[in-house]
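Since this is a predicted model, take the numbers as computed values, not measurements. Each ligand, and each atom within it, is numbered from 1 in the order the structure gives.
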Amino acid sequence: METIANSSTTYTEAYNQSINDPEGFWAEQADDIAWYQKPEQILSTDENGFYRWFKGGKLNTAYLALDYHVENGRADQTALIYDSPVTDTVRKYTYREFRDLVARFAGGLQNLGVSKGDTVVIYMPVIPEAVIAMLACARLGAIHSVVFGGFAPHELTVRIDDAKPKVVISASCGIEFDKHIPYKPLLDKALNDSKHKPAHTIVLQRPYVVAAMQPGRDLDYMEVMQHAHPVDCVPVDAHDPLYILYTSGTTGKPKGIVRDNGGHAVALKYSMKAVYGVDPGDIFWAASDVGWAVGHSYLVYAPLIHGCTTVLFEGKPVRTPDAGTFWRIIQEHEIKVLFTAPTAIRAIKKEDPDGKYKQKYNLPSLKYLFLAGERCDVATYYWAKDMLKVPVIDHWWQTESGWPMVANMVGYGLMPAKPGSAGKPVCGYKVEILGEGGQVLIPAQEGYVAVKLPLPPGCLPTLWQDDERFFKSYMERFAGYYMTGDGGYIDEDGYVYIMGRIDDVINVSGHRLSTGEMEEMVASHTAVAECAVVGISDELRGQRPIGLVVLKDGQTISESEIEQELVSMIREKIGAVAYFRNALVVKRLPKTRSGKILRKIIRNIADGEHYAIPSTIDDPAILTEIHNCLRDRGIGKAFI
Ligand code: COA
Ligand code: AMP
């Protein structure tokens, strides 16, 4: 059943229904997926008082993503196109082929004792086997936790210790431009340092790097496949977790975002037509890494559940081999919708400002470009629009929501765009702007962006084995609301403007990272008395972190030595993706008299933005020192 395709419902009607009658609205959407057993209750609360969707429903997400289509006329349609300029490969899998691979790998996992409710960590590059691993877990009712391949061993250790997987699945290497990054030594280090020791790893040996295997523990992916028999889908409850995806919070301990099976499937299926305007059979490309929420929702689950063809791209927007690679893929595979991060467009724009590569390709299939992951600057918006001549749609969401919260819902008809705004609230999300005291602010007033409870299906029901942190992080600050962690405002016409995080989270190249975590690491250096890590503007990456450090008395280490050591430390612990390149030694940090570090002012100085000196600052002269220090080093938008 297609609930929107043939409907004349307007966005406003649908939105109002979703807010005024959420149960009726989502009951209708739930009819659009093939349950083994329909839910008994659409909306309920659990023992903690947290909202839950589709109680009593039974389903299997891998069934919806693959078997359902094999059984309903799409067996020979391409399910997945793997396009990998870094290995010079284009490979297509039909729904039947992909289902068979997933069923067999699920059998391999079952042979290792993995069953419903067990956890499995996946640490892989963007290759089909990563998607096969995710869906194989879903098939068994096991809970996967994908860790982004760009993370260093420490990040992997933290996640392994929290998720306690039975098996870790990896590959011998990833490929960054022309560099082979061996994964196995990183995995070995992570497992060496972790308290939890999974019984097995499964490693796909790619031909470019051969991983050394530990007999007994490490198993070859191909051998696991050879010895396995295909297994069937295991029915799970709507409330059973499908996956855990760790994301940066404000401290060193990442948050284990839980996604349930039922709400996730219903919300993602609905979003494909309503938000992205695609139909089953269309070709949809989310140029993301499987390790991020976009990769989970719009590379793997949503397009497959909707019966689309999804594209798995192992490459970069530039230099693989050139700034025309995105346009080549759109033309060659007849992509209808491209979803990427503004950073990717900025990278292309930087290398090919006049669109010389673009001129080589015709893109008649492309209908929309969707951007998310960070704020889309207006210059990038117009450049992309002029280049592609299709609507460019900024939309806003988070790992926590798993699908868009604010967008231009093209399935109900394209609304006029307002560059700088991510659009209007998506059906199911009552987005409001709150003041310090929790009062709802009037249009154009900037405040905390919050969503009135209940959140719609698909959003996180809790954090992995940490209901208390879930409540404290998101629900405690404003009773009856989910606090998003972003600041922004809504204009007179109802368009939402997301202005940036109000906490210690930053977005570097669309990668969500915690400056709080980096600060904890920098502070652990023996020469550092105290420090601040802040995100400053970066022309290409959106933001990048810099550190200000105060050395302990009597330290003789030079400024360049300490900088080098801290840069290496963050690279080794979090990964090169953190792009932590500068640590400046200062005499003092700017603080209020009560000791609160004025991080925002450091950011303002670097970015050349106006700031008011708070009356509570303990020593205003330090701001001049920081200004001069940044200026002398040429760090920050204000001083480049
Ligand atoms: N595995 C290992 N290392 C990785 C990595 C990965 N998956 N991703 C990035 N890195 C490394 C890079 O190789 C680089 O290492 P280096 O310091 O040794 O050169 C470092 O992390 C910084 O990478 P990045 O900031 O990405 O810079 P870049 O010059 O390599 O690439 C872009 C710049 C803009 C092309 C790239 O950031 C990009 O494609 N961005 C879009 C990302 C995106 O789509 N995000 C959406 C997520 S939803
Ligand atoms: P992640 O959880 O990695 O998806 O990151 C979520 C955060 O990215 C949000 O809280 C925002 O700060 C930011 N973000 C994502 N999309 C947008 C957008 N379209 N506009 C502004 N910020 C965005």
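Shown in contact with Val294 at under 4.0 Å from a heavy atom are these atoms of ligand 1, numbered in order with element: 48 (S). Here is the list of ligand 1 atoms found below 4.0 Å of a heavy atom in Gly150: 1 (N), 2 (C), 6 (C), 7 (N). Per-residue contacts place Lys316 under 4.0 angstrom from the following atoms of ligand 1 (heavy atoms of the residue considered): 8 (N), 9 (C), 39 (O). Remark: ligand 1 atoms within the under-4.0 Å shell around heavy atoms of Thr343 are 34 (C), 40 (N). Close approach of ligand 1 to Arg319 is summarised as follows: ligand atoms under 4.0 Å from at least one heavy atom of the residue are 29 (O). Of all atoms in ligand 1, numbered sequentially from 1 with element shown, those under 4.0 Å from a heavy atom of Gly149 are 1 (N). Residue Phe148 has at least one heavy-atom neighbour below 4.0 Å for each of these atoms of ligand 1: 7 (N). Which parts of ligand 1 touch Arg581 is read off a 4.0 Å heavy-atom cut-off, strictly below it: atoms 17 (O).
The shortest separation from a heavy atom of Arg346 to ligand 1 is not under 4.0 Å, leaving the residue out of contact. For Ser288, the heavy-atom gap to ligand 1 drops under 4.0 angstrom. The closest approach between a heavy atom of Arg544 and any atom of ligand 1 is not below 4.0 Å.
Of all protein heavy atoms, the one lying nearest to atom 42 (C) of ligand 1 is Ser509 O, 3.4 Å. When hydrogens are left out, the protein atom nearest atom 44 (O) of ligand 1 is Ala287 O, 3.6 Å; that is the closest non-hydrogen contact. The protein atom (non-hydrogen) at minimum distance from atom 15 (O) of ligand 1 is Ala576 CB, 3.6 Å. The shortest contact between atom 46 (C) of ligand 1 and any protein heavy atom is with Ala341 CB, 3.7 Å. Atom 32 (C) of ligand 1 has its closest protein heavy atom at Ala347 CB, 4.6 Å. For atom 18 (O) of ligand 1, the closest non-hydrogen atom on the protein side is Arg571 NH2, 2.7 Å. When hydrogens are left out, the protein atom nearest atom 33 (C) of ligand 1 is Leu540 CD2, 4.3 Å; that is the closest non-hydrogen contact.
At least one donor-acceptor pair closer than 3.5 Å links the side chain of Asp377 to the backbone N or O of Thr380.
At least one test fails for Arg544 against the ring of Tyr579: distance under 6.0 Å to the centre or angle within 45° of the axis.
Tested against Tyr301, the residues His264, His306, His296 include a single ring-ring contact (aromatic ring centres under 6.0 Å, His included) partner, His264. Screening Leu187, Val121, Asp188 against Thr201 for a side chain to side chain contact (heavy atoms under 4.5 Å, CB included) leaves a single residue, Leu187.
For atom 7 (N) of ligand 1, the nearest non-hydrogen atom from the set Glu351, Glu176, Arg512 comes from Glu176. The heavy atom nearest to atom 30 (O) of ligand 1, out of those in Trp292, Phe177, Tyr298, Tyr183, is found in Phe177. Relative to atom 28 (P) of ligand 1, the option among Lys179, Lys350, Arg541, Glu374 with the closest non-hydrogen atom is Arg541. Nearest-heavy-atom check against atom 39 (O) of ligand 1 across Pro317, Gly295, Ala344 picks out Pro317.
A salt bridge is absent between Lys316 and Glu351: the closest approach of a Lys/Arg side-chain nitrogen to an acidic carboxylate oxygen does not fall below 4.0 angstrom. Under the 4.0 Å criterion applied to side-chain N and carboxylate O atoms, Glu374 and Arg501 are not assigned as salt-bridge partners. Under a 4.0 Å N-O distance rule, the pair Glu476/Lys472 does not qualify as a salt bridge.
Protein heavy atoms all stay at least 4.0 Å away from atom 23 (O) of ligand 1.
Sparse packing is recorded around NZ of Lys189, with 12 or fewer heavy atoms of other residues, nucleotides or ligands lying under 6.0 Å away. Atom CD of Glu539 has 12 or fewer heavy atoms from other residues, nucleotides or ligands within 6.0 Å. Around atom OH of Tyr357, no more than 12 heavy atoms belonging to other residues, nucleotides or ligands sit under 6.0 Å away.
Residue Tyr579 places no N or O, backbone or side chain, under 3.5 Å from any N or O of ligand 1.
Between Phe148 and Phe151, the ring planes lie perpendicular to each other; the angle is over 60°, past the 30° to 60° tilted range. The aromatic rings of Tyr276 and His395 sit perpendicular, their planes meeting at an angle over 60°, well past the 30° parallel limit.
Residue contacts with ligand 1, taken as heavy atom pairs separated by less than 4.0 Å, involve Val577 via backbone and side-chain atoms alike.
Ring to ring, Trp403 and Tyr429 are close: their centroids are under 6.0 angstrom apart. Aromatic ring centres of Phe326 and Trp285: separated by under 6.0 Å. Aromatic pair Tyr448/Tyr481: ring centres not closer than 6.0 Å.
For ligand 2, the 4.0 Å heavy-atom shell contains residues Gly373, Glu374, Arg375, Asp394, His395, Trp396, Trp397, Gln398, Thr399, Asp486, Ile498, Arg501, Asn507, Arg512.
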Show, in sequence, the C-alpha distance, side-chain angles and deciding distance for Glu400 and Arg512, and conclude whether the salt bridge (charged side-chain N to carboxylate O under 4.0 Å, His left out) test is met. CA-CA 12 Å; Glu400 286 85 344; Arg512 176 166 157 180; 2.9 Å; yes

Let's go through Lys255 and Asp466 carefully: what are the C-alpha distance in whole Å and the side-chain angles of both, what is the deciding distance for salt bridge (charged side-chain N to carboxylate O under 4.0 Å, His left out) to 0.1 Å, and is it a yes or a no? CA-CA 9 Å; Lys255 291 170 170 165; Asp466 206 343; over 6 Å; no

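When the ring-ring contact (aromatic ring centres under 6.0 Å, His included) test is applied to Tyr123, the partners found at least two apart in sequence or on another chain are Tyr183.
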